[in-house]
Amino acid sequence: MRRARSLVALMTVALVACGGGQTHGSAFDPGWFNDDGAAVTAFQRSFKGPVLLGADVAVGVSGNSTLVGIALSGRKPWSFEHALDGRPSVTGAVVVGLGAGELFALDARTGTLLWKRNAGGRLRGAGDDGTTTVVSILPTTGLGSVVLAIDHEGQVVRQIEDAANIGIPAVADGYAFLPWQGQYVTIYDLHAGEEKARALFRSATSRAFANGGTLFFGENGVTRFDASIGLASTNKASSVKLPDRDLPGAPRWMRPGTDTPPLAAAAFDQVRLYARPTPSGAPGVSGGRYAATYFRVTIGLDAASGSLAWAHAHDAEILGGAAYDGGFALCDGKGAVTFLDARSGRVTGHVDLGKPLTACVVQADAFTHSATGPTPSLTEQIADVARLPDADLVPMQQVLLQELAKIDSPLATTTLIDLASSDRTAPALIEAARTALSARRTGADEMLAALSRRYDYLAGVLRPPPVGPLADALAAMKDRRAAPVLAAHLGDPATPSDDVRRAAAALIELGGKSEIEPIRSFFARYRGLGEPEVDGAVQAAVVSCAAALIKIGARELVAGAATDPFTNVALRPRLAAILAGKPDPSPWKKSPGDKTASSMP
Amino acid sequence: MTGERAMRSIPAALASLALLIASTSPATADAKGKGTIKPRASAAPVLDVKLSQLVVAKLASNEATDVLEGLTAAAAGGQIAAPLAPAIEGLLTRGTTLPLAKAAIEALGAIGAPSSSAVLRSYVRHRVPELRRAAARALGSTRGPEALAAFRDGLRSPDGQVRGFSATGLGNLWAADALPDLFLALDHNVTEAASSIGLLCTVETCEKFLARLGTLPLDVMTSGIDPIFFRPRPFPDDKLVDVIGRLRELGSLEAGKYLADVLGRWPAGGSKRVKQALESAVASLPVGAK
């Protein structure tokens with residue numbers, strides 16, 4: 001059944017001096033019969049292109065009416081003033097904007113106005129092939145779509161109005177590629193005003209775009225317009241998806257093309273994925289790398305496994321960017337566009353738009369940028385990012401800490417220790433660092449060095465080392481060298497009680513005759529105390545010290561304490577159980593009253 | 001009479017009073033010098049041995065009230081109760097309840113035996129604030145090398161009160177070699193360090209302290225300047241006049257009040273030149289007009 005069109009209802013896009021015709025074809029007929037890709041395959045075979053490379057530019061938005069642009073190769077930035085109702089679109093050789101009832105196009109390289117005409121609604125996106133720009137607009141009614149094909153002289157070649165939600169189009173050689181209803185791409189002959197072919201996709205498809213001289217369609221993943229495009233309906237086309245990796249903020253490669261991006265960058269602009277699909281050969285992404293941004297942090301990931309390759313911290317929050325062959329161009333709120341090497345994450349260069357931005361769109365098609373020089377190790381990169389004192393970054397820093405924990409290097413160990421010991425580290429990150437340290441089975445030398453540090457008010461050491469996690473790790477490694485330093489920490493009131501508990505537990509495994517005095521001293525000073533004088537963790541430490549003393553050969557001390565009326569009444573049966581070789585009848589459980597921080601005022 | 005019966009027969013108050021028998025009058029000691037106060041050449045009071053034994057027995061009791069009585073008695077005896085210190089130290093070394101530990105620490109502070117410093121030092125690092133603070137206070141009277149080391153550690157403590165006690169303690173122990181740490185502590189807002197610096201500094205190092213005039217609060221500075229003014233062996237007049245001049249230059253009401261107070265306390269036999277400088281300064285400052 002042919003679908004009726006609502007031309008009148010959608011005429012909120014007012015066009016003046018149209019040069020093209022109104023279309024009444026069956027281009028968006030949902031009753032279309034699936035031809036198993038026959039027509040689109042035939043069209044692809046006959047399609048010669050060319051698909052031109054787009055301009056390599058960054059275009060920033062400053063305020064509500066200023067556009068600034070710069071070539072990624074680094075010329076003087078251009079500026080253009082026009083009211084803006086939404087995010088401009090950069091495609092091919094043009095920048096398309098919509099605001100105050102005017103649709104306009106600029107030369108992306110120079111900022112020169114190419115054309116403008118009256119229009120309403122909100123801009124979804126555009127495609128451009130160097131001669132014609134195809135623009136998808138959400139009408140002011142908020143329903144359906146208007147697609148305008150306008151040549152660079154400003155003449156409307158074609159106007160399409162339809163109830164379907166048409167995403168971001170591409171255009172090449174007089175054909176518009178129109179994604180709609182999230183599953184179709186209609187190939188539309190702009191001159192004839194009719195659908196030439198249609199591809200059916202089994203994954204969300206709301207964007208068409210040109211990259212590297214090839215057309216692509218997609219949203220969550222990307223399908224290349226090549227000889228296998230007819231197999232898209234059976235998921236056998238040349239498609240690529242990024243690994244389904246759990247990252248903070250759940251970044252996406254591309255937003256739905258039917259959305260109308262707000263003028264100012266939002267969270268989904270700051271937290272997103274960047275990858276460049278390969279224009280030929282096996283489907284994949286360029287260089288086998290993709291990038292994930294999280295506000296001012298970017299991480300590089302392996303496109304096959306999702307494993308972390310590098311990490312980089314920017315000076316400001318990233319608002320937009322693009323992947324190019326060999327790297328990523330990322331534009332931040334200060335107006336800087338930074339080029340990162342895809343393999344190493346090394347900064348290979350910058351260009352500057354010259355003013356703070358509220359949004360930024362980058363297109364990098366033929367662009368490449370390389371530089372030589374030393375590259376920090378992954379451990380150093382993670383350490384740099386993890387140490388940033390920015391609460392907003394904690395979720396990403398936690399991810400990076402998990403990665404750091406997998407690295408067996410002295411720097412990884414010391415970074416975890418530093419993070420767990422620093423006043424500037426966010427609490428959630430401290431916990432993550434402590435957990436990672438506790439599970440660590442390498443880096444004993446660095447751990448011992450850390451344990452030799454103490455709280456020292458005059459020296460400005462205001463947080464003791466993470467004694468508990470280090471005790472766990474060193475006990476698991478059975479490193480006897482830890483015994484004296486752990487025993488010394490028993491007597492340090494700056495050591496949090498939970499760390500004391502864990503140090504005492506480690507001393508059961510590691511303690512020897514030479515530790516008998518500090519263990520005895522702790523046992524003596526705390527065996528008479530109960531809650532709330534000390535918390536459950538300290539009492540558990542007393543029990544562990546008793547076990548250590550028995551093991552070391554000071555059983556009589558514990559036996560005397562177990563029957564001494566001045567031993568805390570709750571501890572006596574626990575000591576008796578330990579003496580009898582039985583487990584502690586009241587093993588420690590964390591309770592709200594327990595102190596995991598220093599007991600100091 | 002057995003020790004147990006004796007303990008029961010001596011109420012705490014009586015024991016305390018008994019320990020306070022600090023007579024300097026000649027006593028009728030028996031041949032072995034037991035059972036009564038034994039006069040010494042210096043006529044210093046000593047503890048009655050029997051009473052001492054009774055208190056020691058109380059300290060060894062399994063009853064908290066007995067132990068507390070013993071500790072109270074020992075504390076009341078002050079320095080005379082020095083023979084009891086080892087028993088109290090043993091109590092702390094073995095470990096006990098919080099109230100008894102606190103009473104034991106206070107008793108050792110009252111007795112002031114240098115031997116107690118070692119056990120008290122370990123309690124300065126106790127996790128319970130009232131115990132570590134009591135131990136830091138007590139160390140001030142036990143003195144000795146262990147106390148000195150404990151105070152130097154205590155300056156670095158996370159507990160502000162322990163830092164303060166330690167700074168004061170170092171001054172009272174005349175620990176001149178701790179001056180660098182005291183200056184560091186002063187710069188880290190351990191204000192108690194000022195008075196100790198004033199006690200310990202030389203003409204040269206006092207200058208380093210006085211250089212902080214105008215940057216540290218005046219009450220902190222005067223707590224260190226006071227001991228500079230009133231040294232048993234006074235500083236040269238020139239130095240003191242210089243200090244007066246610096247305070248005068250502050251021109252504040254507080255400085256005037258302080259100098260007036262110093263003038264009021266200036267010893268009759270003290271330097272006339274310094275006194276004149278004080279009078280002149282006081283007259284020139286707001287408070288002097290009053």
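Letters A, B, ... are given to chains in the order of the sequence lines, protein chains preceding strands, and every chain is numbered from 1.
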Heavy-atom pair with the smallest gap, counting every atom of B:T97 and A:L529: C-CD1, 4.4 Å

Neighbours of chain B found in residues 504-520 of chain A - heavy atoms under 4.5 Å: A:R520

Nearest atoms (heavy-atom pairs only) where A:Y526 meets B:R125: OH-O, 4.1 Å

Proximity of residues 99-111 of chain B to chain A, residues having a non-hydrogen atom under 4.5 angstrom: B:L100

Interface moiety of B:V190 toward chain A, non-hydrogen atoms closer than 4.5 Å: side chain

Inter-residue atom distance A:L458.CG - B:D187.CG, 0.5 Å rounding: 10.0 Å

Max heavy-atom pair count under 4.5 Å with chain B, selected residue of A:T567, A:D456, A:L462: A:D456

Any A:P493 side-chain heavy atom under 4.5 Å of B:R132 side chain: yes

Cationic tip of B:R163 above A:Y457 ring, under 6.0 Å, 45° of axis: yes

Any donor-acceptor N/O pair, B:R127 side chain to A:E533 backbone, under 3.5 Å: no

A:R424, CZ: over 12 other non-hydrogen atoms inside 6.0 angstrom: no

Check: B:L92 main-chain N/O paired with A:R525 side-chain donor or acceptor under 3.5 Å: no

Per-residue contact mode, B:E63 against chain A (heavy atom under 4.5 angstrom): backbone

Donor-acceptor under 3.5 Å (B:R94 side chain, A:A524 main chain): no

Residue A:V461 versus chain B: region with a heavy atom under 4.5 Å: neither

